[in-house]
Amino acid sequence: MAILNFFRDILSEPAFLMGLIAMVGLIALKSPSHKILTGTLGPILGYIMLSAGADVISSNLTPLSEMIEFGFNIRGVVPNNEAVTSVAQTVLGVETMSILILGLIFNVLIARFTRYKYVFLTGHHSFFMACLLSAVLGAIGFEGWSLILIGGFFLGAWSSISPAIGQKYTLLATDGDEVAMGHFGSIGYYISAAIGSLVGKNSKSTEDIKVPEKWSFLRNTTISTALTMVIFYLVAAIAAGSEFVTTLSGGTSPYIYAIMSGLRFAVGVAIVYAGVRMILADLIPAFQGIATKIIPNAVPAVDCAVFFPYAPTAVILGFISSFIGGLLGMFILGFAGSVLIIPGLVPHFFCGATAGVYGNATGGRKGAVIGSFVNGLGLAFIPALLLPVLGDLGFGNTTFGDIDFGVIGILLGKSGEWLGNIGVYIIIAVLLIVLVLPNILRPSTVALNNVEMEE
């Protein structure tokens with residue numbers, strides 16, 4: 001158990017995982033020892049910086065959510081991956097750890113021996129997916145080694161296939177930088193990009209918005225983010241009332257607390273951007289060693305926040321549009337008599353922002369707004385459909401939030417419910433066919449050619 005815990009901690013910590021991958025790549029390139037040291041520490045420190053920024057963002061979004069719930073009298077389920085995973089670990093710890101380790105092994109083997117060359121580096125999302133798989137497969141009757149083997153293969157296969165599905169969109173979003181999406185909100189991002197390509201013809205990029213000289217300071221991403229979020233916090237604080245906000249602020253003036261929370265949020269975003277730049281500066285060059293010596297043409301699949309600096313304005317538009325979509329989805333669920341899915345600001349910020357970046361890549365401003373709005377609707381409806389599949393695990397005040405978790409949980413759960421174990425075996429067979437016949441979903445090099453042809 002101690003050994004499993006050790007490996008789980010290593011594999012679920014993206015900073016170590018990125019550092020190890022970078023070190024292996026630099027060793028494969030026969031780099032000098034001092035470059036191996038700095039090239040290994042760079043991604044580790046960059047991801048720690050990214051995580052620190054994300055923690056600042058998340059910690060300041062929590063009171064905002066509480067103010068919105070209290071001020072507008074909203075009660076329901078708040079999707080949060082970390083919360084539901086912590087609950088699940090009390091009964092699914094060994095299964096989750098085993099699936100996580102096996103999933104990473106399958107991901108590396110698939111990258112080495114098939115044309116799906118994506119190495120999934122977002123370890124905490126692999127951990128969340130391993131938890132979901134252990135819960136859903138256990139709920140439909142799998143147990144022991146059959147549960148671990150099927151869950152591990154599914155995790156490894158989806159970690160390889162999901163980046164490939166929308167790699168042509170990723171290449172557009174990153175201006176051809178050879179990285180891939182390694183985040184299990186990917187289906188929502190690709191749908192946003194597809195919507196952008198449909199609705200955004202001739203729409204200018206969010207980054208080309210013309211700002212009058214007197215408002216030119218708004219082109220500073222940190223300042224524009226701060227102003228936007230301060231308005232959000234002040235509205236929520238006014239709605240919640242000073243008495244309630246004082247319980248969150250520890251005695252500080254409610255409105256000063258709201259302003260400072262919005263400013264701290266902006267600082268968190270700035271830290272994320274700095275961490276991303278540090279990661280990419282060392283990880284991509286080091287990955288050349290992986291790509292040339294160990295896994296030919298390997299592509300790193302990285303966290304969604306890595307894509308924020310490519311379109312900072314789309315990040316803010318995406319977050320706001322996704323949150324509006326989540327609110328509308330919540331009201332629709334309420335009218336339909338279903339459980340209310342309260343828009344969780346953490347998934348709506350990270351997933352909505354990324355959907356905005358992808359929608360902007362294919363459809364400019366229209367794509368960013370409409371694509372992320374649809375993503376917000378998905379973040380409302382899909383968790384509501386997932387709740388019954390999770391059984392007792394999901395009937396708390398939280399559930400898995402990001403779209404891939406919901407889609408995969410519903411797919412496996414309903415297949416098991418309708419067809420028994422044979423339904424899951426059919427899904428595994430389909431994944432094997434996709435891996436054996438890679439032309440179904442072309443990998444990165446072919447996707448890049450497709451993008452060039454479209455342009």
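Excluded from the calculations below are hydrogen atoms, water molecules and symmetry mates; all remaining heavy atoms, backbone and side chain alike, are included. Throughout, numbering of the chain's residues begins at 1 and tracks the sequence.
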Would you sort out whether Leu328 and Ile324 count as a side chain to side chain contact (heavy atoms under 4.5 Å, CB included), showing the intermediate values? CA-CA 6 Å; Leu328 178 60; Ile324 293 171; 5.7 Å; no
Separation of [Y] [atom2] from [X] [atom1] (nearest 0.5 Å):
X: Lys117; Y: Arg112; atom1: NZ; atom2: CZ; result: 6.5 Å
X: Leu234; Y: Met67; atom1: CG; atom2: CE; result: 9.0 Å
X: Leu386; Y: Ile341; atom1: CG; atom2: CD1; result: 9.0 Å
X: Asp208; Y: Thr206; atom1: CG; atom2: OG1; result: 8.0 Å
X: Asn297; Y: Tyr116; atom1: CG; atom2: OH; result: 14.5 Å
X: Ser321; Y: His348; atom1: OG; atom2: NE2; result: 11.5 Å

[X] versus [Y]: any side-chain heavy-atom pair under 4.5 Å?
X: Met181; Y: Thr354; result: yes
X: Phe307; Y: Val315; result: no
X: Tyr189; Y: Val357; result: no
X: Ile408; Y: Leu133; result: yes
X: Met330; Y: Phe381; result: no
X: Cys351; Y: His183; result: yes
X: Leu263; Y: Val267; result: no
X: Ile99; Y: Leu147; result: yes

Evaluate Leu102 against Leu155 for side chain to side chain contact (heavy atoms under 4.5 Å, CB included), listing each step before the verdict. CA-CA 8 Å; Leu102 196 58; Leu155 174 59; over 6 Å; no
Backbone of [Y] reached by a side-chain donor or acceptor of [X] within 3.5 Å:
X: Ser197; Y: Ala194; value: yes
X: Ser186; Y: Ser162; value: no
X: Gln167; Y: Val179; value: yes
X: Ser322; Y: Asn375; value: no
X: Ser192; Y: Gly188; value: no
X: Ser372; Y: Ala355; value: no

Against Val407, only a single residue in Asp402, Leu412, Ile382, Leu385 fulfils side chain to side chain contact (heavy atoms under 4.5 Å, CB included); can you say which? Ile382
Among Ile294, Leu29, Thr40, which residue meets the side chain to side chain contact (heavy atoms under 4.5 Å, CB included) test with Val24? Ile294
Do you know the tightest heavy-atom contact between [X] and [Y]?
X: Ala237; Y: Ala258; answer: CB-CB, 4.0 Å
X: Leu377; Y: Gly325; answer: CD2-O, 3.3 Å
X: Pro312; Y: Glu207; answer: CD-OE1, 3.2 Å
X: Trp158; Y: Pro163; answer: O-CD, 4.0 Å
X: Ala22; Y: Pro43; answer: CB-CG, 3.9 Å
X: Ala164; Y: Tyr118; answer: CB-CE1, 3.6 Å

Check the angle between the aromatic planes of Phe349 and Phe265 and answer parallel, tilted or perpendicular using the 30° and 60° thresholds. perpendicular
Is it the case that the ring center of Tyr169 lies less than 6.0 angstrom away from the ring center of Tyr358? no
State yes or no: are the ring centers of Phe184 and Phe120 separated by less than 6.0 Å? yes
Apply side chain to side chain contact (heavy atoms under 4.5 Å, CB included) to the pair Asp303 and Tyr47, showing each step before the final yes or no. CA-CA 10 Å; Asp303 200 350; Tyr47 200 90; 3.0 Å; yes
Walk me through it: do Ser160 and Asn107 pass the test side chain to side chain donor-acceptor pair (under 3.5 Å)? CA-CA 6 Å; Ser160 303; Asn107 178 218; 2.9 Å; yes
Go through Val424 and Phe154 one step at a time and tell me if the side chain to side chain contact (heavy atoms under 4.5 Å, CB included) criterion holds. CA-CA 10 Å; Val424 175; Phe154 195 101; over 6 Å; no
